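A quick note: this is a predicted structure, and the numbers were derived from the prediction, not measured.
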Amino acid sequence: MSLSPLAIQPFDGKSVCLFCGSSDRSDPAYTTAAQAFGAQTAAAGWRLVYGGGGVGLMGASARAAHAAGGRVLGVMPGFLRSRERLFDDVETLVVTSMHERKTIMYDESDAFVVAPGGVGTLEEVIEVLSWKRLDLHHKPVIFLNINGFWDTLLAAIETGIEQKMTPETFRKAYSVVNTVEEAIALMQEADDMPQLQHDLR
C-alpha cells in the first residue's frame with residue numbers, strides 16, 4: 001500500500017526508527033536479531049519505522065513486526081523500489097529522494113535503534129548523531145551491537161572525544177546494547193533519559 005507523505009496514517013503511540021542493512025548475505029545472527037526486534041517492538045506497542053525494503057535486515061524486521069500485529073511504516077525513494085524490493089504489505093511511502101526519506105523517518109520517530117548495516121546505515125546514524133551533537137534533538141540513539149559489529153565505529157567516536165574534537169558529554173548521547181531485549185528496555189525508558197547539551201562551544 002504505497003502512499004504519499006501527506007497520507008501517513010495517524011498513530012497515537014511511540015515509534016522507533018530502525019537503521020539496518022539490506023543485505024541478504026550477512027551473518028544469520030543479524031537477521032535473527034532483526035526479526036526479534038520487529039516482533040518485540042510490536043509486542044511493546046511501538047510502531048516500527050524503517051527504510052521500506054523487503055530484503056535483508058530491513059525486510060526481516062518489518063515482516064516480523066507485521067506478523068506480530070504491529071504497525072509498520074516504510075519509507076523508500078522511488079529509485080530503490082526494484083533494488084530493495086518494496087515490502088508493500090505494510091504502510092509504505094514512496095518518496096523522491098534519500099533526503100526526504102531520512103527526514104520523514106526522523107520526524108515520525110521517537111527513538112533510533114542502529115542494527116548492523118552497511119555504508120547507508122552508517123550514514124544514517126552519523127547524521128542523527130551529528131544533529132544530537134548540535135543539540136537539534138534529544139531522541140535516544142541505541143546501537144544494537146550484535147557480535148561487536150559497531151565496535152570500530154564506537155572506537156572512532158571515542159578517539160574524537162579523547163582528541164578533544166568532541167565534548168566528553170557526547171558519551172551520553174547514545175547507548176550501546178548487545179541484545180534486542182536491552183534495546184527494547186532502553187526504548188521504554190526514553191522519556192526518562194536526560195536532555196544533555198552537547199554543543200558547548
Side-chain angles (χ1 to χ4, degrees), residues 1-26 30-129 131 137 139-144 146 149 180 183-184 187:
M1 137 178 82
S2 301
L3 306 171
S4 83
L6 298 178
I8 296 175
Q9 297 176 15
F11 183 70
D12 294 331
K14 296 280 190 177
S15 297
V16 59
C17 179
L18 179 66
F19 295 141
C20 62
S22 59
S23 173
D24 285 320
R25 295 175 291 177
S26 62
Y30 304 151
T31 302
T32 299
Q35 291 168 334
F37 183 79
Q40 292 185 38
T41 294
W46 284 56
R47 179 180 62 170
L48 177 68
V49 178
Y50 84 115
V55 294
L57 276 64
M58 284 200 299
S61 61
R63 285 186 172 86
H66 182 57
R71 284 284 301 276
V72 180
L73 173 64
V75 188
M76 180 183 287
F79 75 91
L80 282 179
R81 291 187 71 154
S82 59
R83 295 188 218 175
E84 295 186 350
R85 298 204 295 272
L86 192 76
F87 180 46
D88 219 10
D89 291 353
V90 299
E91 181 182 6
T92 304
L93 307 180
V94 177
V95 296
T96 59
S97 69
M98 295 293 284
H99 295 294
E100 188 178 7
R101 177 197 221 180
K102 290 187 295 181
T103 297
I104 293 171
M105 290 170 71
Y106 171 81
D107 287 343
E108 291 294 321
S109 300
D110 299 289
F112 303 94
V113 170
V114 190
V119 67
T121 303
L122 180 62
E123 188 264 346
E124 289 167 335
V125 66
I126 289 297
E127 184 164 65
V128 295
L129 285 176
W131 292 348
H137 76 89
K139 299 177 182 182
V141 179
I142 304 165
F143 284 92
L144 182 53
I146 305 296
F149 184 89
V180 169
I184 297 293
M187 285 163 45

[X] versus [Y], closest heavy-atom pair with distance:
X	Y	value
Ala33	Val180	O-CG2, 3.4 Å
Ser109	Val16	OG-C, 4.2 Å
Val55	Ser22	CG2-O, 3.4 Å
Leu57	Ser26	CD1-OG, 3.8 Å
Ala68	Ala42	CB-CB, 3.8 Å
Ala183	Phe37	CB-CE1, 4.4 Å

Under 3.5 Å, side chain of [X] to main-chain N/O of [Y], donor-acceptor pair present?
X	Y	value
Gln40	Ile184	no
Thr92	Asp88	no
Thr121	Cys20	yes
Arg47	Glu108	yes
Asp24	Gly56	yes
Arg101	Val95	no

Would you say [X] and [Y] make side-chain contact, with heavy atoms under 4.5 Å?
X	Y	value
Phe11	Leu73	no
Met187	Asp110	no
Met98	Glu123	no

What is the distance from atom [atom1] of [X] to atom [atom2] of [Y], rounded to the nearest 0.5 Å?
X	Y	atom1	atom2	answer
Arg63	Met58	CZ	CE	10.5 Å
Leu144	Tyr30	CG	OH	10.5 Å
Cys17	Asp107	SG	CG	11.0 Å

Applying the ring-ring contact (aromatic ring centres under 6.0 Å, His included) criterion to Phe112, which one of Trp131, Phe143, Tyr106 satisfies it?
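Result: among Trp131, Phe143, Tyr106, Tyr106 is the only option passing the ring-ring contact (aromatic ring centres under 6.0 Å, His included) with Phe112.
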Residue among Leu48, Val113, Thr31 satisfying side-chain contact (heavy atoms from CB on, under 4.5 Å) with Ser61
Leu48
